[in-house]
K.L.:
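Sending over a structure as structure tokens; questions will come in a sec.
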Amino acid sequence: MTRTDRQGRRRVLKGLAAGVAGAAVWPGGARAGVPGWRAFGVASPRTGVFQRPLPIPAQATGTLDAAGVRHYQIAARPGSSELVAGVQTPTWSYNGAWLGPTLRIPRHQPVQLHVHNGLDQPTTLHWHGAQVPGRMDGGPHSVITPGDTWTAAYTLTQPAATLWYHPHPHAYTGPQVYAGMAGMLWIDDDTDARLGLPRTYGIDDLPVAIQDRRLDADGRLAYMTAARDVMGMKGDRFLVNGVEQPYAEVAAGWLRLRVLNASNSRVVNLAFRDGRRFYVIAGDASLLAEPVPMEQLLLAPAERAQILVDLRGDYGRRVVLASDSGAAVPGLYRTPMDVDAHDRRGFDLLELRVGPALALGTRLPAQLVEQPSLTPDGPTRRFVMAGMIASGAFGHLQAGHGYAPRAANGPGGMSAGVGDRNLFAINGEYMDMDKINVRVQRGATEVWQVTNVSLMAHPFHMHGTSFLIRSRDGKAPPPHERSWKDVVLVRGGETVELVARFDHPADAAHAYMYHCHILEHEDNGMMGQFVVT
């Protein structure tokens, strides 16, 4: 990049009101500088931009071979993305876009996904929410070295759902996802057509991937530039499908939004600015038994939800989807360092510009699918999630011992941050690639009791299966959580009981993971391994 280009980029970002992000502020207001961390000039956010259209990721339906196997081609490679208007940001992505193609995979269809690593460092590709054998799961053991291609072959027999895919390399998941590597995976069957749900991709059925990012004064991604970022990386640019606060032109009718919180750590509280009601029809991994009317919906990192919003009487209006964070998010944290100004207030996400109605014949069904159930026949296992204070690591971070960021080998010189440190624990243990923490009998249905003893909420995720939430602190889960899930937000002091059946094999060479889906926690110890045999 020439000096003129750099100066031009700086002028654009200064026009967006530059700020500064430096050392962390610890409880009590004292500043704790940590050796190795440097301050960046960080561009502050704008609200109500809505100047660029919502990008709709390309659909990848694969190529069918003579044997009836559908093949998909995915390439991880460096590139550049205009996340903020007028600024080109170096990124990593799949197939050339910030958000990779939406993989449309028919239920019961054998598929092969060929993943090429065009980066200069190892990666993996995990099919988040997919019920596949451990050797096809794309976890930390399935490393793809630079220049190599890995093929995952499987058949998805689980219900139609909105899943996603992202890298999962040991201790480097946070920076690689932050660099732009993510995409959606939709399992298709005939349920949508049978129920009359909106299903025209990009018209009345929209993918909505929410992410927050921080940019430095040159427009580069700034990852873990302050000590507090170890608690979970948060940004001040709010992206939907890779564009800051875009707009979508939609028809006056029923609109389906398939929402993915693809942020590294930020929890969002979905709401419309005019307070209108919407209907939750699906969670992470299946439709609900019936639509659930809501005005706010909390989504932790990696959680998904499908919502229907009624725009039939809104021709000519502009309707804004936002995160009303201040109404729910601060209560998830009990230390001030974990909450920023956007958690206390909120932020706009997407403007819907409502045009004329289309004759699509869609509706809000009174009933969706039969409510799932499971009867446990295996053991009850207990998992205790502990933060830095409970694990004894907080004092070391305050003193600056051994937490300097790694080499700046991300896109555009982005730091790889801090990883592979024993900071966050499950059952008093930190992630060890050579240790199997849990052994499960194949075909068993178990209860997993997850308790959070830390001072902040943690989203708990398990690989290879979906679960039902049996209870929250002994009480039945709310109606919108009564579908198949693979991520659950566990609040501080809370115990959540999950029921899951384990039908797919995973051996020690390709073990499944269970972990916190705050990626900086996962990368720094809050993960374990289990096999199914």
K.L.:
State, with a plain yes or no, whether a side-chain heavy atom of Pro291 is found less than 4.5 Å away from one of Leu368.
P.N.:
yes
K.L.:
Between the side chains of Arg199 and Asp205, is the shortest nitrogen-to-carboxylate-oxygen separation below 4.0 Å, so that they form an ion pair?
P.N.:
no
K.L.:
Which word best sums up how the rings of His166 and Trp164 line up, parallel for under 30°, tilted for 30 to 60°, or perpendicular for over 60°?
P.N.:
tilted
K.L.:
Considering only heavy atoms from C-beta outward, does the side chain of Leu308 approach that of Pro198 to under 4.5 Å?
P.N.:
yes
K.L.:
Testing Leu257, Asn241, Thr200 one by one against Leu206 for a side chain to side chain contact (heavy atoms under 4.5 Å, CB included), which residue passes?
P.N.:
Leu257
K.L.:
Kindly compute the distance separating CZ (Arg470) from CD (Gln449), expressed to the nearest 0.5 Å.
P.N.:
9.5 Å
K.L.:
List the atom of Tyr72, the atom of Arg104, and the distance in Å for their closest heavy-atom pair.
P.N.:
OH-O, 2.6 Å
K.L.:
Is it the case that the side chain of Arg107 and the backbone of Thr157 share a donor-acceptor pair, with hydrogens and angles ignored and the cut-off at 3.5 Å?
P.N.:
yes
K.L.:
Could you please spell out the steps behind the side-chain contact (heavy atoms from CB on, under 4.5 Å) verdict for Glu446 and Phe467?
P.N.:
CA-CA 10 Å; Glu446 299 189 352; Phe467 55 73; over 6 Å; no
K.L.:
May I ask you to decide if the ring planes of Phe272 and Phe278 are parallel, tilted or perpendicular, using 30° and 60° as cut-offs?
P.N.:
perpendicular
K.L.:
Please determine, by modelled atom types, if Gln296 and Asn269 share a side-chain donor-acceptor pair under 3.5 angstrom.
P.N.:
yes
K.L.:
Do Thr89 and Thr91 get their side chains close enough for a donor-acceptor pair, meaning under 3.5 Å?
P.N.:
no
K.L.:
Backbone N or O of Leu83 within a donor-acceptor pair of the Ser81 side chain at under 3.5 Å?
P.N.:
no
K.L.:
If the test is ring-ring contact (aromatic ring centres under 6.0 Å, His included), which one of His128, His458, His126 qualifies with His517?
P.N.:
His128
K.L.:
Rounded to the nearest 0.5 Å, what's the gap from CG on Asp137 to CD on Gln131? Could you check?
P.N.:
11.0 Å
K.L.:
Which atom names give the shortest non-hydrogen contact between Ala300 and Leu489, and what distance separates them?
P.N.:
CB-CD1, 3.8 Å
K.L.:
Could you tell me whether the side chain of Arg318 and the main chain of Tyr247 form a donor-acceptor pair under 3.5 Å?
P.N.:
no
K.L.:
Is a side-chain N or O of Asp338 found less than 3.5 angstrom from the main chain of Tyr333, in a donor-acceptor match?
P.N.:
no
K.L.:
Could you check whether Asp343 pairs with Arg266 (Lys NZ or Arg NE/NH1/NH2 to Asp/Glu carboxylate O, under 4.0 Å)?
P.N.:
yes
K.L.:
Is any side-chain heavy atom of Tyr512 closer than 4.5 Å to a side-chain heavy atom of Thr465?
P.N.:
no
K.L.:
Can you name the closest pair of heavy atoms from Arg52 and Ala85 and give their distance?
P.N.:
NH2-N, 3.5 Å
K.L.:
Applying the side chain to side chain contact (heavy atoms under 4.5 Å, CB included) test to Thr495, which of Asn452, Asp473, Val384, Val490 qualifies?
P.N.:
Asp473
K.L.:
Salt bridge between Arg70 and Asp188, side-chain N to carboxylate O under 4.0 Å?
P.N.:
no
K.L.:
Cut-off 3.5 Å, side chains only: do Gln158 and Trp484 have a donor facing an acceptor?
P.N.:
no
K.L.:
Looking only at side-chain N and O atoms, does Arg304 offer a donor or acceptor that is under 3.5 Å from a partner on Thr162?
P.N.:
no
K.L.:
Looking only at atom types and distance, does a side-chain atom of Asn264 sit under 3.5 Å from a main-chain N or O of Met233, one as donor and one as acceptor?
P.N.:
no
K.L.:
Do Leu54 and Val243 come close enough that some side-chain heavy atom pair is under 4.5 Å?
P.N.:
no
K.L.:
Determine whether Ser325 and His342 make a side-chain contact, defined as any pair of heavy atoms from C-beta on separated by less than 4.5 Å.
P.N.:
no
K.L.:
Can you tell me how far CG of Asp189 sits from CD of Gln109, rounded to the nearest 0.5 angstrom?
P.N.:
13.0 Å
K.L.:
Of all the heavy-atom pairs spanning Ala328 and Leu298, show the shortest one and how long it is.
P.N.:
CB-CD1, 3.8 Å
K.L.:
Compile the donor-acceptor pairs under 3.5 Å between side chains in residues 350-357 and protein atoms, sequence neighbours left out, one pair per line.
P.N.:
unit_1 : atom_1 : unit_2 : atom_2 : d
Glu351 : OE1    : Arg353 : NE     : 2.8
Glu351 : OE1    : Arg353 : NH2    : 3.4
Arg353 : NH2    : Phe50  : O      : 2.8

K.L.:
Do Leu270 and Ile210 have side chains that approach each other closer than 4.5 Å (heavy atoms only, starting at C-beta)?
P.N.:
yes
K.L.:
Do Leu163 and Ile105 have side-chain heavy atoms sitting under 4.5 Å apart?
P.N.:
no
K.L.:
Taking atom CD1 of Ile426 and atom SG of Cys516, what is their separation to the nearest 0.5 Å?
P.N.:
7.5 Å
K.L.:
Assess whether atom CZ of Arg472 is packed by more than 12 heavy atoms of other residues, nucleotides or ligands within 6.0 Å.
P.N.:
yes
K.L.:
Does Asn95 use its side chain to pair, donor to acceptor, with the backbone of Ala75 at less than 3.5 Å?
P.N.:
yes
K.L.:
Do Thr102 and Tyr201 pair up side chain to side chain, a donor and an acceptor below 3.5 Å, judged on atom types alone?
P.N.:
yes
K.L.:
Side chains of Gln211 and Trp98: closer than 4.5 Å at any heavy-atom pair?
P.N.:
yes
K.L.:
Give me the atom names and distance for the closest heavy-atom approach of Ala222 to Asp216.
P.N.:
CB-N, 4.1 Å
K.L.:
If we ignore angles and hydrogens, is there a donor and acceptor under 3.5 Å between the side chains of Tyr223 and Glu520?
P.N.:
yes
K.L.:
Is the shortest distance from a Lys or Arg side-chain nitrogen in Glu303 or Lys485 to a carboxylate oxygen in the other one below 4.0 Å?
P.N.:
yes
K.L.:
Tell me if the aromatic rings of His515 and His521 count as close, with their centers under 6.0 Å from one another.
P.N.:
no
K.L.:
In plain terms, say whether Asp274 and Arg317 are close enough for a salt bridge, that is, a side-chain N and a carboxylate O under 4.0 Å apart.
P.N.:
no
K.L.:
Keeping the roles fixed (side chain from Glu497, backbone from Val447), state whether a donor-acceptor pair exists under 3.5 Å.
P.N.:
no
K.L.:
Minimum heavy-atom separation for Ser466 to Gly129, with atom names?
P.N.:
OG-O, 4.4 Å
K.L.:
Quick one: NZ on Lys234 to CZ on Arg213, what's the gap to the nearest 0.5 Å?
P.N.:
14.0 Å
K.L.:
At what distance, to the nearest 0.5 angstrom, does CH2 of Trp254 lie from CZ of Arg363?
P.N.:
11.0 Å
